[in-house]
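Worksheet: one structure, shown below.
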Protein chains: 2
Amino acid sequence: MEEKCTNQAYLELMQTSKAIQDCIKMEMMNHKINITEFSVLEVLYFKEKQTIQQIGKSILISSGSMTYVIDKLEQKGFIKRIDCPNDRRVIHVVLTENGMNLMEKIMPKHRDLINNMLGDLTDQESQTMIKLLKKVSKRVET
Amino acid sequence: MEEKCTNQAYLELMQTSKAIQDCIKMEMMNHKINITEFSVLEVLYFKEKQTIQQIGKSILISSGSMTYVIDKLEQKGFIKRIDCPNDRRVIHVVLTENGMNLMEKIMPKHRDLINNMLGDLTDQESQTMIKLLKKVSKRVET
DNA sequence: TAGAATTATCTCATATTCGAGATATTTTAA
DNA sequence: TTAAAATATCTCGAATATGAGATAATTCTA
């Protein structure tokens, strides 16, 4: 029997994460936003006020994409840009009233969704998974 | 202390898969192809002859995207379309000589890369990970 | 067997992402 | 203090992904 063409753990890992990703994508479509936009809103929901740079680093997208997504969210009225008086290169971003309302509507359901998807794992299993994934991450980065 | 905003296992899972994804992306840049193109070639490398539809289902992209990526790969000379005589709606795709050569060059290194990334896991750990991920997958799909 | 439904692919317009380079500002260092 | 380096954001063009609808062929069914 020939060796399995690709690492099984690898396949499982990539398929599972994609399935989760797709699930969240669908969830967000209901609110007329995409995953990237949600990620930005999520950062702001927890951090309140962030520079465009900081958000980009959090969610790992390029500066060009940041400008684009921030524009979109501003057009939709969920966030607003605030010029920084101390450093005029910098622009801060915060949720608007609307943005906050949206997030307060979305987040509980979103948390449930995540917890439900990961929810068959016992605490013990969850810890094991985290440990194993960290081991892999460490290896990938180097 | 407030509950952690997002499920840790979830975060770890998504970050790890993204890191792996990025790593493969970089690997493929060396060969002047992107991940989607590689995925198509990989399917053909193992399955020999597939319809456009079948490939699309394997790698989970839309029919519009399939036409695009198949065009690109044909332009690059790695695959060719073959009309199906039995069912004229269908188009089969196979690797060309060039495409096969490319894959024979790429695949060993790619296998190594994957095995290396996942390689810190013992067989036991790998099995555990697979088991846990399957448990999650099952939950996500429903 | 004709018409309806299904299937496979393609076309097209739109959206998103990226990277390179432009611009403006601040910081550093001689 | 001033020139150089670093930083933050934006602009722009290219690449890629999507979904809706078009086209063409096949299959199903009354």
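In what follows, chains are A, B, ... by sequence order, proteins preceding strands, each numbered from 1. Given the structure is predicted, the values throughout are model-derived calculations rather than measurements.
The phosphate of D:dA8 has neither OP1 nor OP2 within less than 4.0 Å of any side-chain N or O from A:R81. Look at A:N34 and you won't find any side-chain N or O under 4.0 angstrom from OP1 or OP2 of C:dA15.
One atom, NZ of A:K76, and another, P of C:dA15, lie 10 Å apart when rounded to the nearest Å. With rounding to whole Å, B:E74 atom CD is found 13 Å from C:dT9 atom C1'. Counting to the nearest Å, the P atom of C:dA15 and the NZ atom of A:K32 are 14 Å from each other. When the P atom of D:dT9 is taken as reference, atom CD1 of A:I70 falls 9 Å away, rounded to whole Å. Taking atom CD of B:Q53 as the reference point, atom C1' of C:dA8 lies 6 Å away to the nearest angstrom. Regarding B:M66, its CE atom lies at a distance of 15 Å from the P atom of D:dG19, rounded to whole Å. Rounded to an integer number of Å, the gap from B:I61 CD1 to D:dG19 P is 11 Å. Atom-to-atom, CG of A:L73 to P of C:dT16 comes out at 10 Å; the value is rounded to the nearest Å.
At least one side-chain heavy atom of B:I106 sits less than 4.5 Å from a side-chain heavy atom of B:M28. Looking at heavy atoms from C-beta onward, B:M117 lies in side-chain contact with B:C23 at the 4.5 angstrom threshold.
Of the candidates B:E27, B:K105, B:H31, B:E27 is the only one forming a side chain to side chain donor-acceptor pair (under 3.5 Å) with B:H110.
Nucleotides of DNA chain D nearest to A:K25 and A:Q54 differ in position, and the one nearer the 5' end is that of A:Q54.
By the side chain to side chain donor-acceptor pair (under 3.5 Å) test, B:R88 pairs with no residue at all, sequence neighbours left out.
The backbone N or O of A:D112 sits nowhere less than 3.5 Å from a side-chain atom of A:N116 that would complete a donor-acceptor pair. Although no hydrogens or angles enter the test, the distance criterion places no donor-acceptor pair under 3.5 Å between the side chain of A:T51 and the main chain of A:V90.
Considering only the side chain of B:T36, D:dA17 comes nearest among D:dA17, D:dC10, C:dT11. For A:Y68, taking side-chain heavy atoms from C-beta onward, the closest of the listed nucleotides C:dT16, D:dT18, D:dT9 is C:dT16. For B:K72, counting side-chain heavy atoms from C-beta on, the closest listed nucleotide (D:dC10, D:dT16, C:dC10) is D:dT16.
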Reading nucleotides 19-27 of chain C from the 5' end, what letters show protein touch, with B for base, S for backbone sugar-phosphate only, - for no heavy atom under 4.0 Å?
B-----BS-
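Shown here is A:D123, whose CG atom has no more than 12 heavy atoms of other residues, nucleotides or ligands within 6.0 Å.
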